[in-house]
Amino acid sequence: MAEPKLIPLARLIEPDNPLRIEMADEPLEELIESIKLAGILSPLLVVPWYQDHLGELKPTPDTEMGKLGVEPLKYEIRCGHRRYTAATRLGLEQVPCMVFENNEDTRYLIMLHEQVVRADVTPVEEGVLFLQLADSHQWSMDDLMRVFKRSENYINDRVELVQKDTAVASAVQAGAINLGQAKQILRPKDPAFRGYLLDQAATHGANTRTLQQMIVNKEQEERSAQGELKLHTPELATAPAVAPEMVCIWCRSAENPEHMRQVNVHWFHQKDLEAIVEQVGVHNLHKAVAGANGTE
């Protein structure tokens, strides 16, 4: 269970791998103003570090130190780095914290709870976290999906963003393009063409659909240059579908189409209506009269 505690800033240490890659000045100033007015409403989430008999920091108490080894010497911030920075800028002496056990699963689950679930991170920062967990802590895809409650595609999109092209990842991190645009830009294998698409999106405002069409056009140009047919050539074109002729369901005539009207009917009554019309429609009356006259 987590324990609430007021902790002096001097006993807090910043995370070794903060989830947030960078802090924008404007949101941080807004946070500072909010803390001035109402204080820190959401506690920082921290884990304890204990000093052992050799003077080193350890995640668990040192029994050889007696009482000194039981009391944490420092607390590492696992979530709330921005609040810590704001509190330091304001000159606060202590801040409210929630103290969790110091183990790997807890440290990253804290990040999940405070950052990812609250959508407080960028896709790049999520990708970095997924890679850290997979590479450094051997989390499988199933582990990531179970803990983060995200689909395999969701995770793969963000990991690919971080791994495939640093320029595209930087543009997403800076807010110059969104993830949808980035996914289209990352599709081509040619780095030069990816750079062109990135410039079109970041500088000229090309949206996802425009980028997609640019890629299609590029692929068609390459096929044409190789002697292949373009998609719109007659050899590959398909004939347009011919609209069926309108026929009156009562008289079975296609004459006077301008007088045709639509009849609304529930789909589950359609067969019943067609069966009734088939029996009593004018075309059947003509058959009955012809049969009676012996002319059919």
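We count residues from 1, following the sequence as given. All values derive from a computational prediction rather than experimental measurement.
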TODO: Would you confirm whether Q184, through its side chain, and Q181, through its main-chain N or O, come within 3.5 Å as a donor-acceptor pair?
DONE: no
Open item on the list: Is there a side-chain contact (heavy atoms from CB on, under 4.5 Å) between W49 and L73? Walk through the geometry before answering.
Closed with: CA-CA 6 Å; W49 285 94; L73 180 68; over 6 Å; no
Open item on the list: Any non-hydrogen side-chain atom of E219 less than 4.5 Å from a side-chain atom of M214?
Closed with: no
TODO: Test E3 against M98 for side-chain contact (heavy atoms from CB on, under 4.5 Å), laying out the working first.
DONE: CA-CA 5 Å; E3 175 190 2; M98 293 293 289; over 6 Å; no
TODO: Is it possible for you to say whether W250 and I276 belong to one hydrophobic cluster, with membership spreading through side-chain heavy-atom contacts below 4.5 Å?
DONE: yes
- [ ] May I ask you to decide if K189's main-chain N or O and R194's side chain share a donor-acceptor pair within less than 3.5 Å?
- [x] yes
- [ ] Measure the CZ-CE distance between F130 and M141 for me, rounded to the nearest 0.5 Å.
- [x] 9.0 Å
Task: From L133 atom CG to S140 atom OG, the distance as rounded to the nearest 0.5 Å - done: 11.0 Å
Task: Pairwise distance OH(Y75) to CD1(I7) - rounded to 0.5 angstrom - done: 5.0 Å
Open item on the list: Using modelled atom types and a 3.5 Å cut-off, is there a donor and acceptor pairing between side-chain atoms of K36 and backbone atoms of L31?
Closed with: no
Open item on the list: Are the side chains of V216 and Q220 in contact, using a 4.5 Å heavy-atom criterion?
Closed with: yes
Open item on the list: Are there over 12 heavy-atom neighbours, none belonging to K183, within less than 6.0 Å of that residue's NZ?
Closed with: no
Task: 4.5 Å side-chain heavy-atom contact, E29 and I32 - done: yes
Open item on the list: How about CZ on F193, more than 12 heavy atoms from neighbouring residues, nucleotides or ligands closer than 6.0 Å, or not?
Closed with: yes
TODO: Please report the closest heavy-atom contact between I177 and A201, naming both atoms and the distance.
DONE: CG2-CB, 3.8 Å
Task: Any side-chain heavy-atom pair of L41 and I35 under 4.5 Å - done: no
TODO: Report the C-alpha separation of R82 and E30 in whole Å, then their side-chain angles, then the decisive distance to 0.1 Å, and conclude whether the salt bridge (Lys or Arg N to Asp or Glu O under 4.0 Å) test is met.
DONE: CA-CA 11 Å; R82 290 177 68 246; E30 292 176 358; over 6 Å; no
- [ ] Taking all heavy atoms of Y84 and all of L44, pick out the closest pair and write down the distance.
- [x] CB-CD2, 3.8 Å
Task: With D165, the side chain to side chain contact (heavy atoms under 4.5 Å, CB included) member among L161, V168, V162 - done: V168
Open item on the list: What I want to find out is whether K5 reaches E71 closely enough, with some N-O distance under 4.0 Å, to be called a salt bridge.
Closed with: yes
Task: Distance-minimising heavy-atom pair for A87 and V95 - done: CB-CG1, 3.7 Å
TODO: Identify the heavy atoms of Q138 and D143 that sit nearest to each other, and give their distance.
DONE: O-OD2, 4.3 Å
Open item on the list: Using 0.5 Å steps for rounding, measure from the CG atom of L45 to the SG atom of C97.
Closed with: 8.5 Å
Task: Sub-4.5 Å side-chain heavy-atom contact between R83 and I77 - done: no
Open item on the list: Does the structure place the NZ or CZ of R158 under 6.0 Å from the centre of the six-membered ring of Y154, at an angle of no more than 45° from the ring's axis?
Closed with: yes
Task: Side chains of L211 and I185 in contact at under 4.5 Å (non-hydrogen atoms) - done: yes
Task: R78/E76 salt bridge by N-O under 4.0 Å criterion - done: yes
- [ ] Please report the closest heavy-atom contact between D52 and K58, naming both atoms and the distance.
- [x] OD2-CE, 3.2 Å
Open item on the list: Tell me whether E221 is salt-bridged to K218, with the criterion being a basic N under 4.0 Å from an acidic carboxylate O.
Closed with: no
TODO: Can you measure from CD (Q163) to CG (L186) and round to the nearest 0.5 angstrom?
DONE: 11.5 Å
- [ ] Starting at SG of C79, measure out to CZ of F100 and round the result to the nearest 0.5 Å.
- [x] 9.5 Å
Task: side-chain contact (heavy atoms from CB on, under 4.5 Å) between L9 and E93, worked out - done: CA-CA 6 Å; L9 286 179; E93 294 184 359; over 6 Å; no
Open item on the list: With heavy-atom distances below 4.5 Å as the criterion, would you say the side chains of M145 and R150 are in contact?
Closed with: no
TODO: Would you check if L37 and E33 make a side-chain contact, meaning some heavy-atom pair closer than 4.5 Å?
DONE: no
- [ ] Could you walk me through whether V159 and E126 pass the side-chain contact (heavy atoms from CB on, under 4.5 Å) test, one step at a time?
- [x] CA-CA 8 Å; V159 169; E126 287 182 293; over 6 Å; no
